[in-house]
Peer 1: 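Below is a structure I'd like to ask you about.
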Amino acid sequence: MTVALMWEARAAEGRGAELLAWVREQPLAPGPLRRETFRAPQDRVLVITWWDAPYDAGLPELPEPDPALVTRTVHRWRFEPVADD
């Protein structure tokens, strides 16, 4: 089974590039099957990782950044694939 973990944060005013650099430096061990990083307006950063694991497996996740770097706590979600009809 594959599970996708999403991690999303919004940087403090003017600190989007710093948040993006910080998240790129964060290791995950063991590493996921795939890891993608995105950015969006309002200095938002999104990371999606894919794992070969059950939905409720204990998996390494990206940590919370320094509170001064973000405007709120990180949002996290887990998703599982849906079969095609």
Peer 1: Measure the spacing between CD of E61 and CE of M6 and express it to the nearest 0.5 Å.
Peer 2: 12.5 Å
Peer 1: If you look at every heavy atom in T37 and L20, which pair is closest and at what distance?
Peer 2: CG2-CD1, 3.7 Å
Peer 1: So E64 and T73, side chain to side chain contact (heavy atoms under 4.5 Å, CB included) or not? Walk me through it.
Peer 2: CA-CA 7 Å; E64 290 281 334; T73 58; 4.2 Å; yes
Peer 1: Go through T49 and W7 one step at a time and tell me if the side chain to side chain contact (heavy atoms under 4.5 Å, CB included) criterion holds.
Peer 2: CA-CA 9 Å; T49 56; W7 180 101; over 6 Å; no
Peer 1: When you look at CZ of R39, are more than 12 heavy atoms from neighbouring residues, nucleotides or ligands closer to it than 6.0 Å?
Peer 2: no
Peer 1: Is a side-chain N or O of R76 found less than 3.5 angstrom from the main chain of L62, in a donor-acceptor match?
Peer 2: yes
Peer 1: State, yes or no, whether a side-chain contact exists between F79 and I48 at a heavy-atom distance under 4.5 Å.
Peer 2: no
Peer 1: Can you name the closest pair of heavy atoms from Q26 and P63 and give their distance?
Peer 2: OE1-CG, 3.7 Å
Peer 1: From W51 CH2 over to T2 OG1, what is the distance, rounded to the nearest 0.5 angstrom?
Peer 2: 12.5 Å
Peer 1: For the residue pair V70 and A9, what are the closest heavy atoms and their distance?
Peer 2: CG1-CB, 4.1 Å
Peer 1: When rounded to the nearest 0.5 angstrom, what distance separates CG in D43 from CD in E18?
Peer 2: 11.0 Å
Peer 1: Could you give the distance from CD (E8) to CG (L46), rounded to the nearest 0.5 Å?
Peer 2: 6.5 Å
Peer 1: So which atom in A68 and which in A12 form the shortest heavy-atom distance, rounded to 0.1 Å?
Peer 2: O-CB, 3.5 Å
Peer 1: Testing the basics here: between P65 and V74, what is the closest heavy-atom pair and its distance to 0.1 Å?
Peer 2: CD-CG2, 3.5 Å
Peer 1: Are any non-hydrogen side-chain atoms of W50 and E36 less than 4.5 angstrom apart?
Peer 2: yes
Peer 1: State the CG-CH2 distance between L5 and W77, to the nearest 0.5 angstrom.
Peer 2: 12.0 Å
Peer 1: Taking V3's backbone N and O only, do any of them form a donor-acceptor pair with R78's side chain (distance below 3.5 Å, no angle check)?
Peer 2: no
Peer 1: Taking all non-hydrogen atoms of both residues, which atom of P60 and which atom of P30 are closest, and how far apart?
Peer 2: CG-O, 3.6 Å
